[in-house]
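Right, one structure below, let's go through it.
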There are 2 protein chains.
Amino acid sequence: METKYNIVKQAIMSKILDGTIRPNQKISSETELMNEFNVSRHTVRLAIGDLVTRGWLYRTQGAGTFCADRLHNESNTNSDSAKTIAIITTYISDYIFPSIIRGAEAYLSENGYHVTLFSTNNNHDDERKFLEKVISRQFDGVIVEPTRSAFSNPNIKYYLNLERLKIPYLMINAYYDELEPISLTMDDEKGGFLQTEHLIKQGHRNIVGFFKTDDIQGTKRMKGYLKAHRTYEVPLNPNHIITYNTAEKKDKPTEELRKLLAKNNQDTPTAIVCYNDELAINLLDVIRGMGLKVPDNISIVGYDDSFLSNVSEVKLTTVEHPKSEMGKAAGKVIIDLIKDKNKAEGKIESIVYEPKLIVRNSTKELKE
Amino acid sequence: METKYNIVKQAIMSKILDGTIRPNQKISSETELMNEFNVSRHTVRLAIGDLVTRGWLYRTQGAGTFCADRLHNESNTNSDSAKTIAIITTYISDYIFPSIIRGAEAYLSENGYHVTLFSTNNNHDDERKFLEKVISRQFDGVIVEPTRSAFSNPNIKYYLNLERLKIPYLMINAYYDELEPISLTMDDEKGGFLQTEHLIKQGHRNIVGFFKTDDIQGTKRMKGYLKAHRTYEVPLNPNHIITYNTAEKKDKPTEELRKLLAKNNQDTPTAIVCYNDELAINLLDVIRGMGLKVPDNISIVGYDDSFLSNVSEVKLTTVEHPKSEMGKAAGKVIIDLIKDKNKAEGKIESIVYEPKLIVRNSTKELKE
DNA sequence: ATGGTCAACTTATCCGTACAAAAAATACGA
DNA sequence: TCGTATTTTTTGTACGGATAAGTTGACCAT
């Protein structure tokens with residue numbers, strides 16, 4: 001329902017929830033809002049009136065309209081209601097996320113917490129929507145898997161407001177650089193390094209790398225890929241770095257690989273470093289379709305050690321990802337943060353998981 | 001304060017309080033009130049709007065304004081508090097469940113509901129624990145994927161209690177026979193029939209069936225498998241029905257298949273009907289390991305049309321499962337149930353999805 | 001009977017205007 | 001500098017008009 005008064009209402013709500021308007025601070029006058037949103041005063045009053053009855057604002061004739069202070073006093077002491085943790089993730093159903101969620105759910109459930117799920121579909125607007133819910137519904141803690149972490153995040157204010165309101169949160173898989181939050185991540189750069197190093201040590205010199213670059217993981221893995229080339233003094237062909245984003249992930253990498261394998265010149269790669277197993281499986285299909293064999297004609301390395309790595313006739317060489325252990329750890333850390341909320345904060349620190357290469361049979365020594 | 005809208009408000013309140021207007025009875029329309037009190041429509045709406053937010057009246061566009069039934073509803077006045085749906089599932093992370101959850105989460109989220117997840121790990125004790133939480137925490141609705149649905153359920157009482165407390169619930173994928181709840185399921189018997197029929201029509205006569213029999217789906221699919229044999233008058237080898245339960249799923253089916261393929265007598269099957277794609281992929285590995293080819297040496301049919309069916313070099317012939325559409329439908333039905341809670345229950349009925357065979361290249365005409 | 005169409009009615013949203021009442025900001029005089 | 005009066009700003013009440021959108025029931029054709 002995109003009614004005008006709803007737009008105004010949402011805009012005001014956002015400012016309350018992201019902390020732009022603090023409790024007891026005056027909001028814009030009705031006239032100012034009229035001009036700002038180009039609506040009539042009646043519409044502004046509808047919006048404000050609704051927020052007043054819901055308890056977000058209060059009005060004083062002659063003085064103005066003010067932000068209510070519902071976050072501090074009120075009924076926060078409902079010790080009866082279960083503690084609830086929000087998990088905000090990009091894609092609930094995709095790939096390794098279910099495993100991470102499972103690990104977190106299992107641990108939190110055992111410890112008397114509930115888990116409420118939100119899926120952003122890699123969309124900053126949805127992320128904002130959910131952060132607003134988390135703040136206004138008083139969740140006890142939030143586990144966030146960042147949305148498009150390689151880009152600057154328009155919702156930073158909301159995270160800062162979480163801190164102001166002492167709602168603990170942590171990030172998994174990646175984190176927004178501006179925030180330096182408590183986070184559970186892999187050393188993705190080293191992961192990318194291990195993938196590439198393995199191939200170099202097997203004699204490969206033409207290694208194409210595919211990286212999804214709208215999240216931090218992809219850019220770090222790419223960094224590791226570059227570093228491996230430098231370390232072993234393997235010259236790098238600029239055409240052998242393929243980057244793509246989430247929207248392109250279905251078609252671009254497969255098309256690019258088709259081109260690379262088709263042109264059949266010196267550039268033709270003998271090995272592929274993949275952003276993750278999912279991509280590796282997709283590329284595997286392309287390779288099959290062109291009548292080539294893995295690992296005989298070409299080697300391929302995945303990432304994450306997901307179920308996908310064992311599912312095909314070719315068992316993928318890949319990099320281990322903690323998955324459900326990471327979920328479990330996230331549950332543990334968030335509970336620690338909640339318990340320590342009022343006490344001395346300290347000790348609780350980010351965890352960086354060391355990547356480990358798992359060698360299977362999608363890679364093979366290159367014979368001249 | 002003798003403002004005009006206050007006069008109108010008081011007049012309406014009086015009628016409510018002295019019983020002139022009974023619950024759910026329509027009050028005068030805005031136009032009538034305008035004339036009656038000689039005020040503008042705006043003033044009438046102010047008065048009514050106030051009474052609506054206080055919970056004395058409710059409005060329905062097109063129909064009119066009605067007296068609320070405060071005695072029955074009560075706590076519902078808290079319009080700001082989030083509605084929350086609990087999803088109780090066996091395994092959050094496994095296989096097609098993430099897709100179902102995703103569909104439900106997306107729909108419910110769009111409609112302003114939260115989704116809280118519980119995973120029973122196919123354990124009745126955990127199911128009970130979560131049902132207790134759901135009842136005591138006053139969730140607004142529950143979506144249940146039954147745990148060990150083929151067996152009698154020790155938690156029936158809890159479900160009956162849900163009904164008594166008017167907490168809507170529905171079941172997906174399967175249901176406990178004793179309850180006859182609203183449910184969203186596939187016609188699994190027909191699904192099993194389609195799998196088997198397809199192979200029979202391709203000339204196969206030695207078809208081994210693998211069925212997980214601790215849930216209803218497995219037993220129904222097996223029923224369909226048997227029915228297909230009877231319908232097409234194909235004699236059935238009793239050794240060609242392999243049943244297993246969740247605990248055995250890792251090892252028993254693969255071992256049994258190894259035995260069947262090893263003994264190399266007349267019994268050797270030429271085709272396999274699988275409980276689901278996950279099993280099919282596991283069996284595929286066994287077949288590969290024994291140096292056989294799919295579909296040249298042996299045909300195999302999966303079930304669910306999951307991502308697994310497209311992931312290997314052999315693209316599985318399988319049976320379509322609605323997955324995320326089922327999740328979405330579950331969200332829709334549970335919301336309908338919540339909204340209809342106080343009104344006339346009817347209309348809302350279980351959905352049975354028709355299975356459809358998807359033919360890929362894991363099955364092949366049998367040549368003599 | 002059954003189902004579909006349409007008109008009448010009702011609430012929902014939105015605009016404009018005007019004046020009243022309260023508070024805050026400013027001007028002014030002692 | 002301080003207290004008071006005045007002006008300005010801001011919310012509160014109230015009127016008018018217009019179009020949109022949902023509900024209902026009567027009517028009509030099948």
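Just so it is clear, the structure is predicted and the values come from calculations on it, not from any experiment. Here is how names work: the chains are called A, B, and so on, in the same order as the sequence lines, proteins then strands, and each is numbered from 1.
The distance between atom CD1 of A/Ile7 and atom P of C/dC15, rounded to the nearest whole Å, is 10 Å. What separates CD of B/Glu30 from P of D/dC15 is a distance of 14 Å, to the nearest Å. Separating the CG atom of B/Leu57 from the C1' atom of C/dT10 is a distance of 15 Å, rounded to the nearest angstrom. Between B/Tyr5 atom OH and C/dA20 atom P the separation is 18 Å, expressed in whole Å. If you take NZ of A/Lys9 and P of C/dT13, they are 9 Å apart, rounded to a whole angstrom. One can place CG of B/Asp50 at 13 Å from C1' of D/dT13, the figure rounded to the nearest angstrom. We find that CZ of B/Phe37 is positioned 16 Å from C1' of D/dA14, with the value rounded to whole Å. The CG atom of A/Leu33 sits 11 Å away from the P atom of D/dT10 (whole-angstrom rounding).
Among the protein residues, B/Thr60 comes within range of the sugar-phosphate backbone only, with heavy atoms under 4.0 Å from sugar or phosphate atoms but none that close to a base. Nucleic acid contact class of B/Thr31 (heavy atoms, under 4.0 Å, all strands): none.
Distance from the side chain of A/Lys4 is smallest to C/dC14 among D/dC15, D/dT13, C/dC14. The side chain of A/Gln61 lies closest to D/dT11 when the candidates are D/dT11, C/dA23, D/dT13.
For B/Glu36 against B/Ser28, the heavy-atom pair with the smallest separation is OE1-OG, 4.3 Å.
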Heteroatom pairs (N/O) under 3.5 angstrom, protein to nucleotides 4-9 of chain C:
none

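Aromatic ring orientation, A/His114 versus B/Phe118: perpendicular (interplanar angle above 60°, classes split at 30° and 60°).
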Intermediate values then yes/no, side chain to side chain donor-acceptor pair (under 3.5 Å), A/Asn24 and A/Tyr58 | CA-CA 9 Å; A/Asn24 299 314; A/Tyr58 62 89; 3.1 Å; yes
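Near-neighbour residues of DNA chain C inside residues 40-48 of chain A, defined by a heavy atom below 4.0 Å, number-ordered: A/Ser40, A/Arg41, A/His42, A/Thr43.
For the pair B/Asp187 (side chain) and B/Lys190 (backbone), a donor-acceptor distance under 3.5 Å is present. For the pair A/Thr3 (side chain) and A/Asn6 (backbone), a donor-acceptor distance under 3.5 Å is present. Of the possible donor and acceptor atoms, none in the side chain of A/Lys157 sits under 3.5 Å from a partner among the backbone N and O of A/Lys15. Side-chain atoms of A/Tyr176 come within 3.5 Å of backbone N or O of A/Thr147 as a donor-acceptor pair.
One finds a side-chain N or O of B/Arg59 lying less than 4.0 angstrom from the OP1 or OP2 phosphate oxygen of C/dA12.
Checking B/Ser99 against B/Ser324 by side-chain atom types alone, no donor-acceptor pair falls below 3.5 Å.
Of the residues listed (A/Asn121, A/Thr90, A/Thr120, A/Asn155), the one engaging A/Glu127 in a side-chain hydrogen bond (donor to acceptor under 3.5 Å, both in side chains) is A/Asn155, and it is the only one.
Along DNA chain C, the nucleotide nearest to A/Ala63 and the one nearest to B/Glu32 differ in position, and the one closer to the 5' end is contacted by B/Glu32.
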